[in-house]
Novice: 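Take a look at the following structure, please.
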Amino acid sequence: MARSEALGIQRLENIVFYVNDLARSHRFYTDLVDFAFIARSTEAHEAATGERSHVYEAGDVRMTVTQPLAPTSASGRYLRRHPDGIVTLVFQVADVEAAFRVLDERGATLVTDIQRDTDAGGAVAWFDIATPFGEANFRFLQRDGYQGVAPGLPLFDAPQGGTNRYGFEGYDHITSNFLTLKPMELWCKEVLGLEQYWEVAFHTDDVAPAEDHGSGLKSIVLWDPHSGVKFANNEPMRPHFEQSQIYVFVMDNHGEGIQHAAITTKDILTTVRGLRDSGVSFMPTPASYYDALPERLERCGIGRIDEDIETLRELEILVDGKHPQNYLLQIFLKEAAGLYADSKAGPFFFEIIERKGDKGFGEGNFRALFESIERAQKSAGVAQ
């Protein structure tokens, strides 16, 4: 049962990503997805940490991307063990001291005491905790007029480039993969006070008693009902446990961790068309998905949708939902290793989602994502 005292989370403010090639990431965020370049680490910060960081922003989506300058830096040590990956989720809270007290009382593993800094705009205070999400920490941060992203990361006088012409709004959810869900689930409920939001389990269509291939997953979504922050979490299912794309992710990532971040948009058709024109690659969806879509929509009880199915087929956008006139549209970028043709870029990817009344995680699209990743892994010779 979830704990009753809330942490005071207001939003997921920032994601910190460690990468081997900052110049490559810069081209992705600025040239391909039209994020603004809003901050860069100072020379003093780089000398002190052995790292260089850039910060990109579109709407309320903010990404801090960090590359090691020294092998003994935190990012350098991480990247010796893992490919590129997310290492910190930054949550803005109303009262950092209250959040610290509650988490300490619930047995959270506190990485730091409360840290503080000031700039010309005001003050900021934060602390980190360790998590079961691989090596990712969660940071809880309170802003009181502070203008910079973080110490050593002051904002530019004006953002460089990036007009957010694709209409990104904010983070919808974070999805992570595990070999077993139970430790994460118990920690999220007992320490963070999250509540269960959704659950599903399924196998791909090729799993049968006589077959020696195919795979499945179990997924649960946990959320903070006060802020709406959601975490979707997956584990592999038997049979063929090690063929699951969840298992493959953990192996490719060299550990459990965050698989993707979902970003909302109000007009996914325009967003995806523009991204495709700019050269962004997406996970493929088979034509059979759209052949069966009218019948599936009827079976799900959605009925009529606003979008033309042939346009969805052209853009390879997925549709799901469970209630009349309430549905969602979503699509998944190719994982970073595929985007860059470099295994060191890692298995992380972005999802783009438009919610048209549906607040859930439709099982049909969840299966479509799962099978799309499996097709990509098989074509690359990863899954056996």
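Bear in mind the structure is a predicted one, so any value in this text is a computation, not a measurement.
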Novice: Is the NZ or CZ atom of Lys334 positioned over Phe349's six-membered ring, under 6.0 angstrom from the centre and within 45° of the axis?
Specialist: no
Novice: Please determine which of Gln259, Glu335, His260 meets the side chain to side chain contact (heavy atoms under 4.5 Å, CB included) test together with Pro347.
Specialist: Glu335
Novice: Can we call the ring centroids of His26 and Phe37 under 6.0 Å apart?
Specialist: yes
Novice: What about Phe350 and Phe332, are their ring centers closer than 6.0 Å?
Specialist: no
Novice: Ignoring hydrogens and geometry, is there a side-chain-to-backbone donor-acceptor pair from Asn177 to Glu235 under 3.5 Å?
Specialist: no
Novice: Quick check on the 6.0 Å ring-centre criterion: do Phe133 and Phe178 meet it?
Specialist: yes
Novice: What pair of heavy atoms forms the shortest contact from Ser278 to Tyr166, and how long is it?
Specialist: CB-OH, 3.4 Å
Novice: Do Asp34 side-chain atoms and Thr163 backbone N/O form a donor-acceptor pair below 3.5 Å?
Specialist: yes
Novice: Check this for me: does any side-chain nitrogen of one of Lys356 and Glu307 sit under 4.0 Å from a carboxylate oxygen of the other?
Specialist: yes
Novice: So, are Arg143 and Glu13 salt-bridged, with charged N and O less than 4.0 Å apart?
Specialist: yes
Novice: Identify the heavy atoms of Leu315 and Ile331 that sit nearest to each other, and give their distance.
Specialist: O-CD1, 3.4 Å
Novice: Are Phe35 and Tyr29, when compared by the centres of their aromatic rings, separated by less than 6.0 Å?
Specialist: yes
Novice: State the OH-OG distance between Tyr56 and Ser25, to the nearest 0.5 angstrom.
Specialist: 7.0 Å
Novice: Could you check whether any side-chain N or O of Ser41 sits under 3.5 Å from a backbone N or O of Glu46, counting only pairs where one atom can act as donor and the other as acceptor?
Specialist: no
Novice: Among all residues two or more places apart in sequence or in another chain, which pass the ring pair (Phe, Tyr, Trp, His ring centres under 6.0 Å) test with Tyr146?
Specialist: none
Novice: Keeping Glu316 on the side-chain end and Thr285 on the backbone end, is there a donor-acceptor pair under 3.5 Å?
Specialist: yes
Novice: Quick check: do Thr265 and Ile263 have side-chain heavy atoms less than 4.5 Å from each other?
Specialist: no
Novice: Any sub-3.5 Å donor-acceptor pair from Thr112's side-chain atoms to Asp128's backbone N or O?
Specialist: yes
Novice: Roughly how far, to the nearest 0.5 Å, is the NE2 atom of His82 from the NZ atom of Lys344?
Specialist: 14.5 Å
